[in-house]
Amino acid sequence: MKAADVLRVGGAGLRNRPTRVLLSALGIALGVAALIAVVGVSASGRENLDRRLDALGTNLLTAAPGKTATGAAAGLPPDAVAMVARIGPVEAVSAIGKTDAKVYRNDRIPSQESGGIGVYAARLDLPATVGTSLAHGIWLNPANEGYPAVVLGPVAAARLGVRAPGPDVQVWLGRRWFTVIGILAPTPLAGELDTAALVGWPEARRDLGFDGNPTTVYTRADNASIADVAAVLGATANPANPNEVEVSRPSDALAAREAADDALNGLLVGLGSVALLVGGVGVANTMVISVLERRAEIGLRRALGATRGHIGTQFLAEALLLSILGGAGGILLGSAATVGYSTYRHWPAVVPPWAMAGGLAATLVVGVCAGLYPALRAAHLAPTEALAAA
């Protein structure tokens, strides 16, 4: 039989049982769709992370107080920022300093209901250093840093019920009213700023009891020298007690989270493979039933001169066509799921070509494995036995 004849005969066998074919192909489609969607969503998330890191930069380091030898909380010296700025490859440095003040929507809120919002003194160059921006309003500047003005992180603003800054928008901070002049955009590499209320350094020292010691120093360095800067950052920020400084690279946290997502994706791929296997069992079951139902057709074809090879090839072709039908549907379904989820998360949609090729190859393997036994069984049916059973 020619290849075209094999396809025509195999397709005819499927067209005669559309409902059963649809249900069997659906099992294959769901398995392939699960594989494609998991790989596609993972690739889309990774592409989104790469773009975010490219935009934010991976050269941000932070230095924060750790613990002393006795386990007490350590601190950074007041001139830590100036000392870090003298490191050769450092391009920008800024800092925040935590205060003991609390912030509330108004002066009627009970003191214990602070909403988990931290009040920090902030340097003027903080947004440029950490890579954040203002969603609304303005940042602190030389004209207002010495006055009761505050910039809120996006989470802090939501908790305080502040939707937009303005001259008549005030919060109760440190037992006095502060005017909200700005709301930050989310800051992925400095998440603590999202739940912060930021006031000027001079104002914090004068009215909030701030001692002038930074609690987090943010440092941007040349990409080629980031490891060298990280090695000396602790000793530079606190020369007297370098072991009491914790140095971190915030972009590593994002990469670690992506690694955790990859581990979960591996589990989901395993589940998709199980679904694909179940779909293959469904194809095999359909083909075995097809052989039993079509013994009269098999006997008649053998009586008319069809060889065992012709019969086996026909049923194997049906199994392959059924699997390819399910595989193609699964690729479309998985791709659509990837695009839909990526659009919902505002990610770039990425469906790797190798994933689609792998999904199709998997369906071919499933089709061969599922159709081999029914094809051999059909091929070994004797014409007289098949006609007698009919």
Side-chain angles (χ1 to χ4, degrees), residues 45-99 118 120-133 153 184 186-196 198 201 204 210-263:
R46 190 175 297 109
E47 178 66 19
N48 179 67
L49 175 64
D50 291 342
R51 292 188 183 185
R52 288 173 63 195
L53 292 179
D54 288 342
L56 297 170
T58 59
N59 59 341
L60 180 67
L61 296 170
T62 64
K67 298 290 184 180
T68 65
T70 60
L76 295 177
D79 54 351
V81 173
M83 292 188 293
V84 170
R86 289 195 287 268
I87 302 175
V90 168
E91 299 173 344
V93 59
S94 189
I96 58 173
K98 187 170 179 56
T99 74
Y120 297 87
R123 294 173 63 93
L124 300 185
D125 51 5
L126 180 65
T129 303
V130 301
T132 190
S133 60
L184 288 176
T187 310
L189 295 184
E192 62 275 10
L193 300 182
D194 291 347
T195 56
L198 303 165
W201 207 272
F210 177 51
D211 59 7
N213 293 349
T215 52
T216 302
V217 176
Y218 301 98
T219 305
R220 282 202 182 269
D222 178 72
N223 277 317
S225 306
I226 192 70
D228 297 331
V229 173
V232 301
L233 184 58
T236 305
N238 191 356
N241 299 288
N243 58 313
E244 295 178 0
V245 181
E246 295 183 352
V247 177
S248 64
R249 190 175 181 180
S251 58
D252 289 344
L254 294 178
R257 186 176 64 185
E258 182 67 18
D261 290 342
D262 285 344

- Mind running side-chain contact (heavy atoms from CB on, under 4.5 Å) on Leu189 and Val130 for me, showing each step along the way? CA-CA 7 Å; Leu189 295 184; Val130 301; over 6 Å; no
- Note on the structure: Closest heavy-atom pair, Val247 versus Gly234, reported as atoms and distance to 0.1 Å, is CG2-N, 3.8 Å
- Message: If you define the side chain from C-beta out and look only at heavy atoms, does anything of Leu198 sit under 4.5 Å from Leu184?
- Response: yes
- Looking only at heavy atoms, what is the nearest atom pair of Val93 and Ala85, with distance? CG1-CB, 3.6 Å
- Item | Closest heavy-atom pair and its distance - Ser225, Pro89 | CB-CB, 3.6 Å
- Task: For residues 73-98, pull every pair meeting side-chain hydrogen bond (donor to acceptor under 3.5 Å, both in side chains), keeping only residues two or more places apart or in separate chains.
- Result: Ser94-Asp125
- Message: Quick check: closest heavy atoms across Pro239 and Met83, and the distance to 0.1 Å?
- Response: CD-CE, 3.7 Å
- Query: Do any N or O atoms from the side chain of Asn59 and from the backbone of Asp222 form a donor-acceptor pair under 3.5 angstrom?
  - Reply: no
- Minimal heavy-atom distance between Thr216 and Ala64, with the atoms involved, is OG1-CB, 4.4 Å
- Evaluate the side-chain proximity of Leu126 to Tyr120: yes if any heavy-atom separation is below 4.5 Å, no if none is. no
- Message: Is any side-chain heavy atom of Arg123 closer than 4.5 Å to one of Pro214?
- Response: no
- Task: Identify the heavy atoms of Pro78 and Asn213 that sit nearest to each other, and give their distance.
- Result: CG-OD1, 2.9 Å
- Task: Enumerate the residue pairs fulfilling side-chain hydrogen bond (donor to acceptor under 3.5 Å, both in side chains) with a member in residues 226-243, sequence neighbours excluded, ordered by first and then second residue.
- Result: none
- Query: Which value, rounded to the nearest 0.5 Å, describes the distance between Arg249 atom CZ and Leu61 atom CG?
  - Reply: 6.5 Å
- Got a second to check how far Thr215's OG1 is from Leu76's CG, nearest 0.5 Å? 7.5 Å
- Message: With heavy-atom distances below 4.5 Å as the criterion, would you say the side chains of Thr219 and Ile87 are in contact?
- Response: no
- Message: Using the rule given for side-chain contact (heavy atoms from CB on, under 4.5 Å), can you reason through Thr187 versus Asp194, listing the C-alpha separation, both sets of side-chain angles and the distance that settles it, and then say yes or no?
- Response: CA-CA 7 Å; Thr187 310; Asp194 291 347; 3.9 Å; yes
- Message: I want to check something: taking the side chain as every heavy atom from C-beta on, are Val245 and Leu233 in contact at a cut-off of under 4.5 Å?
- Response: no
- Query: With a 4.5 Å limit on heavy-atom distance, are the side chains of Trp201 and Leu124 in contact?
  - Reply: no
